[in-house]
Amino acid sequence: DPAQATQNVSIPSAGRTSIAWWGTVHDVDSVDMTFIAQGGEYQDSIRVGNGAIPVLAYTSPQTFSTSGVLDQAVDRLEVVSIPRSVPKSSRQGELSIELSPSLAGVIGSALDVLEHYPYECTEQTVSRFLPNLETYLAFNEMRQKSPELEARLERTLEQGVNLLATRQAVDGGWAWWQGGESDPTISTYVLFGLLRAQEAGFLVNQEKLQKATEYLLATLSTPYMLSEGWQLDRLAFEHYVLALAGAGNLAGAQEVYAVRDNLDPWAKAYLALALERLSPGSAQAETLISDLATAAIRSATGAHWEGTHPGYQNMQSTIATSAVVLYALADAQPKSPLVSEATRYLAAHRLDSGAWDSTYSTAWTIMALAQVMRKTGDIHGNFSYSALLNGSPFASGESNTQNGFSPVTGKLPLENLYWDDPNALIIRRSAGLGNLYYRANLKVYRPVETISALDQGIHFERAYYPSGDNPKRPSSPIDAADKGEKVNVHLSLTLPQDAYYLVLEDYIPAGAEILDIRLKTSQLGSIPEVTSSAIGELYKKGWGWWYFDDPMIYDDHITWTLDYLPAGSYEIIYSLVTLQAGEFRVLPARAWEFYFPEVQGISAGEIFTIEEK
């Protein structure tokens, strides 16, 4: 109400008064508000938040994607239809396209995702700088310059190496998150990243490398000591990294080779690299590469590899497996047709973000593509390309050596598409050398309160209760509370199978704040509890608390991480303090396996109301 923009109040000496303005937030990126106070001859003003305040739309995006590779002059038609499930009243969304005239453009988009990924686990720390490093080395070998790549490498490498130095455990290893137990797979990956940095000429603390090498040697097994396939796979990776560290054992690697029929493809790839490193020209390495070529699964989208052992403990999905195999194949047989087929498969299976199914998969895919780029020279081209939507120009560009890291992009609001009829998206490229990599995403948004719960191997529910209730016997859930009231949030988690590298995340109503009892400035509250319905007795922190890392508390959400959680039912309880009156959309809570995000559980979206007393 414009008439309420100015309010007159009387403030007593040494007193205070609360003044509120009610308004409607429109669909904009941000708002920039200035408040002015005037009393007599005195005046002061302030910009809220020191500038623009972001406006977050609490909606759920749903993305439909397609992608492909064009290696010759052709027009490819992609039909874009808006799903019938999207109501015409909801026109929020867009169609976007990305056209990359070389692998460098594909890599550049994924490197952006890794640098700004919102978590700081040990694997993510390595995955932030290692693919940058491998791409930088490939560019140097091809005598290409990219100031953007060099600046990003300088940022991520310095931050990553310093952070890894502080997180190294006394035994020389690393945990997935700081404070946990050292994990052989995570530690092997860290040592691999640090060794690659050292090989590239960057300064790495030798004492840290030595301690990490000693940790791997101390925990190294022989094949005859292991009973599970995933353990043998892990052993192959360890032998490869120890070979890079100068502590390899040819006899030990050959023992793993003797049981190669029990290895998954990614482990065979590592073992081939290890044997070639320990014994250049190794016939055993050639045999493994030949086995990998035979095991390739070919389809219309290219070639890939799948494992037979559960990859949960080793972070290996189909994408990560295919990337590691491609990394080895591109090094050993760069002219093999499988190299281009596997490249096409990986390029075609990007997510709408431009990355792949996990940070680990993304890192290895970038490293594999950088290896392909280095061996095949897929960075130069001399063709033109464009995209047309319903006959009108959408995006276009020219391939040259200067724009490798800068794909051409285009966006169009959903309201500009045909709603009831198909839309014709044509991807076009002219004749010439090189490949055109494209992807198109149709993104639509649904109001958060219409989102239903989802159970894909994990059941996850959220409910709000008054804070005075007994946690063992809470009353009925609530969807409203008075301003200034404390509310308990109950997250119920059910796992039908053991879970590895699990993340739990819950977003809160925008008018509330998470009560952090670790801060002396916070209102005193009860200790958040983790309970198991299978174990009726509650301990100080609840049964099973030892599986959970300390919660990470943000302005708008709270996150827990777990290296491992056995099958069963669990309940996590934490507290909110309601601060601002209003009707707030609440994003769903989500639980998922970090390296297999398709294994997930999502609660329903909802509306929570905070009322004035």
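Side-chain atoms are counted along with the backbone in the values below, which use heavy atoms only and exclude waters and symmetry mates.
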- [ ] May I ask you to decide if Trp356's main-chain N or O and Thr362's side chain share a donor-acceptor pair within less than 3.5 Å?
- [x] yes
- [ ] Give a yes or no on whether the backbone of Ala175 and the side-chain of Asp183 come within a donor-acceptor separation of less than 3.5 Å.
- [x] no
Looking only at non-hydrogen atoms, find the nearest pair between [X] and [Y] and report the distance.
| X | Y | answer |
| --- | --- | --- |
| Leu163 | Thr166 | O-OG1, 2.7 Å |
| Tyr117 | Arg128 | O-NH2, 3.2 Å |
| Val586 | Val448 | O-CG2, 3.3 Å |
| Asn314 | Asp233 | ND2-CB, 4.2 Å |
| Ala591 | Leu504 | CB-CD2, 3.4 Å |
| Phe129 | Gly160 | CD2-CA, 4.2 Å |

Go through the side-chain N and O atoms of [X] and [Y] and say whether any donor and acceptor fall under 3.5 Å apart.
| X | Y | answer |
| --- | --- | --- |
| Ser127 | Tyr189 | yes |
| Tyr547 | Asp563 | no |
| Ser361 | Ser317 | yes |

Any side-chain heavy-atom pair from [X] and [Y] closer than 4.5 angstrom?
| X | Y | result |
| --- | --- | --- |
| His349 | Ile319 | yes |
| Leu164 | Leu194 | yes |
| Arg167 | Glu120 | yes |
| Leu133 | Leu153 | yes |
| Trp560 | Tyr574 | yes |
| Met315 | Ile186 | yes |

Ion pair [X]/[Y], N-O distance below 4.0 Å:
| X | Y | answer |
| --- | --- | --- |
| Glu148 | Arg152 | yes |
| Glu134 | Arg196 | yes |
| Arg350 | Glu98 | yes |

Working to the nearest 0.5 angstrom, can you tell me the gap between [X] [atom1] and [Y] [atom2]?
| X | Y | atom1 | atom2 | result |
| --- | --- | --- | --- | --- |
| Leu114 | Asn132 | CG | CG | 8.0 Å |
| Asp482 | Ile610 | CG | CD1 | 10.0 Å |
| Thr365 | Tyr360 | OG1 | OH | 11.0 Å |
| Ser109 | Arg439 | OG | CZ | 5.5 Å |
| Asn488 | Tyr465 | CG | OH | 10.5 Å |
| His557 | Ile514 | NE2 | CD1 | 8.0 Å |

How about [atom1] on [X], more than 12 heavy atoms from neighbouring residues, nucleotides or ligands closer than 6.0 Å, or not?
| X | atom1 | answer |
| --- | --- | --- |
| Gln497 | CD | no |
| Asp479 | CG | no |
| Glu214 | CD | yes |
| Glu154 | CD | no |
| Gln580 | CD | no |
| Asp29 | CG | no |

Open item on the list: Under the criterion side-chain hydrogen bond (donor to acceptor under 3.5 Å, both in side chains), I'd like the reasoning laid out for Ser65 against Asn441: C-alpha separation, chi angles, the key distance, then a yes or no.
Closed with: CA-CA 4 Å; Ser65 301; Asn441 297 315; 2.6 Å; yes
TODO: Check the pair Leu346 / Ser322 against side chain to side chain contact (heavy atoms under 4.5 Å, CB included), numbers first and verdict last.
DONE: CA-CA 8 Å; Leu346 292 172; Ser322 301; 4.2 Å; yes
Please report, to 0.1 Å, the donor-acceptor pairs under 3.5 Å made by any side chain of residues 598-607, with sequence neighbours excluded.
unit_1, atom_1, unit_2, atom_2, d
Gln600, OE1, Arg590, NE, 3.1
Gln600, OE1, Arg590, NH2, 3.4
Gln600, NE2, Gln456, OE1, 2.9
Ser603, OG, Ala589, N, 2.8
Glu606, OE2, Arg462, NE, 3.0
Glu606, OE2, Arg462, NH2, 3.0

Assess the pair [X] and [Y]: is the distance between their ring centroids shorter than 6.0 Å?
| X | Y | result |
| --- | --- | --- |
| Phe594 | Trp176 | yes |
| Tyr312 | Tyr501 | no |
| Phe192 | Trp364 | yes |
| Tyr270 | His239 | no |

TODO: Carefully, step by step, assess Lys443 and Leu414 under the rule side chain to side chain contact (heavy atoms under 4.5 Å, CB included).
DONE: CA-CA 8 Å; Lys443 183 174 289 188; Leu414 202 63; over 6 Å; no
- [ ] Identify which one of Gln313, Gln316, Glu123 satisfies the side chain to side chain donor-acceptor pair (under 3.5 Å) criterion when paired with Tyr595.
- [x] Glu123
- [ ] Check step by step if side chain to side chain contact (heavy atoms under 4.5 Å, CB included) holds for Lys483 and Leu579.
- [x] CA-CA 6 Å; Lys483 177 180 174 181; Leu579 301 176; over 6 Å; no
TODO: In sequence, state the C-alpha distance, the side-chain angles, and the governing distance for Glu449 and Arg585, and then conclude on salt bridge (charged side-chain N to carboxylate O under 4.0 Å, His left out).
DONE: CA-CA 7 Å; Glu449 62 271 23; Arg585 270 66 183 165; 3.5 Å; yes
TODO: Might you work through the side-chain hydrogen bond (donor to acceptor under 3.5 Å, both in side chains) test for Tyr119 and Glu505, ending with a clear yes or no?
DONE: CA-CA 12 Å; Tyr119 300 103; Glu505 186 174 73; 2.4 Å; yes
TODO: Verify side-chain hydrogen bond (donor to acceptor under 3.5 Å, both in side chains) between Asp264 and Thr321, making sure each step is shown before the conclusion.
DONE: CA-CA 9 Å; Asp264 270 353; Thr321 293; over 6 Å; no
TODO: May I have the step-by-step check of side chain to side chain contact (heavy atoms under 4.5 Å, CB included) for Thr559 and Tyr554, ending in yes or no?
DONE: CA-CA 8 Å; Thr559 302; Tyr554 303 86; 3.9 Å; yes
